[in-house]
Amino acid sequence: MTKQLTLFVTTLMLSTASPCADLPLLQSVNTATGASTTSSFAAGASIDGGNSFTTSINPNSPFSVTAEIQVESQHQSIQADFFVVARLDGQHLMQDHSGAFIPWDLALDSLIPRTAATIPGPTESFTVFENIAPGPLGIDNSSIEFFFAYRSEASPAELYYSATPLVVTIDPYDPLSTIYSAAEIIDTSVFDEGRDREIPVLIYRSQQSGPSPTILFSHGLGGDRFNVIYLAEHWSARGFNVINLQHPGSDSSIHEGLPANEILAAFQEAANLSNSIARVEDVFAVIDQLEIWNEDPGSALYNSVNLSKIGMSGHSFGARTTMATSGQQVPTIPGETLDPRIQAAVVLSPSPPGLGTPEEAFGMVELPWLLMTGTLDESIVNDVTAEQRQLVYPALPPGGKYELVLFKGEHHAFTDRELSAGQNPRNPAHHGEIMALSTAFWEAWLLDNVSARTWLDGDGAVSTLQPGDTWQFK
């Protein structure tokens, strides 16, 4: 598919404001007729507000392009038009007055000015566009060339332009690269007054500026909010807030201090309907609190949560919680379990339904789901086999549904807990697969990132697989 550069910007008017750092000079300047000129052009791409300039951009990094034109002395204080042209994949695009880039046929009489009828001074500086990430537009693994020009009323038949373009290289999409610095970690709790229940949460607040997409994570039976930290760290480094929930009654408190021969019984007792209901209600309560925190100027999450971009994830018992709150039909739980505020889900170690067929339980799931399991993904707590976990995907309707099966991946392949003696060693490559595929999934389906979707549905995802792994989608 031909890439399209369709950038809309808010800063459209020429101004005399100078960038923070010296713009790189574009060395060659030409005129349409070949006449000599004393005008000059400078331009640069920046990811830090113009403090420095770069020619290589991560596709998920918002960047800005700034230009500066030294106008010939005889053209100053005389009305002029200014132009910006981009070249991408052999296609020429001109920036119109709205800031959009539209196709140009290279004919001078069809060239539309970006800003028309301007009275220039000696130097004109302007922002071409501001804080645009190329990945969501599907522009990755490409080079974009930007050319700048002006035409003066003093010489209406002449065009003065930068023959040397500003070249910006967009890196290939890579879901394992980090974009933002380490997240701010907030260990706090949510109090659900209606249930008189306190829900501990460990928050990884993304360093992305402004409201960020947010992922909730539900731990497995006997776990806590400190489980699966490797995913919280990576997702937050990609610009997501991550909220690790801890569910009282099915968390680490059920086995603390118990002798080894009593732990299995404690786990089996805690894997009950009451805790299933409580976990679903925990998710509702935490999202409710996120809405409150986002509006509270005294909160660390004030104006930091994009409430229209919420994902749900979990492992094992947390996978069951995730499935229930994102579309599974659960007849054993009274009332509605789906939270309509959730937009996509990553399910680690899914389980078949306790009652009914997989088709009855999962046949009406509308949200995008990414399932991950392993050929050794078994649980002695509820006797779920690896084969049974793989019954979920075939029962899902098509549309944003994915499944990864890790060869020799056991139940805790998805966690970062230390394995017990005698367990099969964890494949060190599996965590990389899990991070890459889950990140691309979130960005494709939660953020509508075209480059992420292309990577996920193409060779990119396949390239992460280890021998024996299987990957499918519908």
Side-chain angles (χ1 to χ4, degrees), residues 2-11 14 17-30 39-70 82-95 99-101 104 114 123-150 160-181 207-209 237-239 443 449-452 454-455 460:
T2 301
K3 299 183 179 73
Q4 298 292 323
L5 182 66
T6 311
L7 304 178
F8 293 88
V9 300
T10 56
T11 307
L14 290 171
S18 298
C20 299
D22 290 334
L23 282 166
L25 188 66
L26 303 179
Q27 295 296 329
S28 179
V29 179
N30 279 2
S39 61
S40 65
F41 296 80
S46 174
I47 61 173
D48 61 2
N51 292 309
S52 62
F53 296 99
T54 182
T55 58
S56 180
I57 303 291
N58 182 298
N60 277 34
S61 294
F63 76 107
S64 304
V65 170
T66 307
E68 184 176 274
I69 299 176
Q70 299 287 335
F82 290 82
F83 306 87
V84 177
V85 172
R87 183 162 60 195
L88 173 65
D89 288 347
Q91 182 182 18
H92 287 81
L93 306 143
M94 54 186 172
Q95 190 179 33
F101 283 85
W104 179 43
R114 175 194 185 275
T123 301
E124 291 296 326
S125 300
F126 57 95
T127 300
V128 179
F129 58 78
E130 194 167 27
N131 294 327
I132 299 293
L137 301 171
I139 304 170
D140 66 293
N141 199 24
S142 300
S143 288
I144 309 175
E145 298 172 290
F146 294 95
F147 299 85
F148 307 92
Y150 81 92
Y160 303 82
Y161 65 95
S162 58
T164 301
L166 166 66
V167 181
V168 179
T169 300
I170 311 300
D171 299 332
Y173 177 79
D174 177 9
L176 287 177
S177 66
T178 57
I179 300 172
Y180 300 98
S181 56
Q207 295 305 292
Q208 176 179 262
S209 61
R238 295 288 293 195
E443 292 174 352
N449 185 313
V450 176
S451 292
T454 301
W455 185 95

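For reference, positions follow the sequence shown, starting with 1.
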Rounded distance (nearest 0.5 Å) linking atom [atom1] of [X] with atom [atom2] of [Y]:
X	Y	atom1	atom2	answer
Phe146	Leu93	CZ	CG	9.5 Å
Thr164	Asn30	OG1	CG	8.0 Å
Arg87	Ile144	CZ	CD1	12.5 Å
Leu88	Ile139	CG	CD1	5.5 Å

Is any side-chain heavy atom of [Y] closer than 4.5 Å to one of [X]?
X	Y	value
Pro134	Phe63	yes
Val128	Phe101	yes
Tyr173	Glu443	yes
Asn58	Ile47	no
Thr178	Tyr180	no
Ser56	Asp171	yes
Asp22	Phe53	no

Among residues at least two apart in sequence or on other chains, which ones pass side-chain contact (heavy atoms from CB on, under 4.5 Å) with [X]?
X	value
Asp174	Leu176, Ser177
Phe83	Asp81, Leu111, Pro113, Ala149, Arg151, Leu159
Ser209	none
Ser143	Val167, Thr169

Determine whether a donor-acceptor pair (N or O, by modelled atom type, separation under 3.5 Å) exists between the side chain of Ser64 and the backbone of Asn131.
yes
Donor-acceptor contact present, side-chain Ser142 to main-chain Ile170, <3.5 Å:
no
Please report the closest heavy-atom contact between [X] and [Y], naming both atoms and the distance.
X	Y	result
Pro136	Val450	O-CG2, 3.1 Å
Ser181	Gln207	OG-CG, 3.5 Å
Ser162	Phe147	O-CD2, 3.2 Å
Gly138	Ser451	CA-OG, 3.4 Å
Ser46	Ser52	OG-O, 3.0 Å
Arg114	Thr127	NH2-O, 2.5 Å

Could you give me the CA-CA distance, side-chain angles and deciding distance for Glu68 and Ser125, then say whether side-chain hydrogen bond (donor to acceptor under 3.5 Å, both in side chains) is met?
CA-CA 4 Å; Glu68 184 176 274; Ser125 300; 3.2 Å; yes
Tyr150 meets the ring pair (Phe, Tyr, Trp, His ring centres under 6.0 Å) criterion, sequence neighbours left out, with His75, Phe82, Tyr160
Using the ring pair (Phe, Tyr, Trp, His ring centres under 6.0 Å) criterion, which residues pair with Phe41? Sequence neighbours excluded.
none
Please list, chain by chain and in numerical order, all residues satisfying side-chain hydrogen bond (donor to acceptor under 3.5 Å, both in side chains) with [X], sequence neighbours excluded.
X	answer
Gln70	Thr123
Asn449	Asn60
Ser61	none
Ser40	none

Start with the C-alpha gap between Val84 and Phe126, add the side-chain angles, then the distance that decides, and say whether side-chain contact (heavy atoms from CB on, under 4.5 Å) holds.
CA-CA 11 Å; Val84 177; Phe126 57 95; 3.8 Å; yes
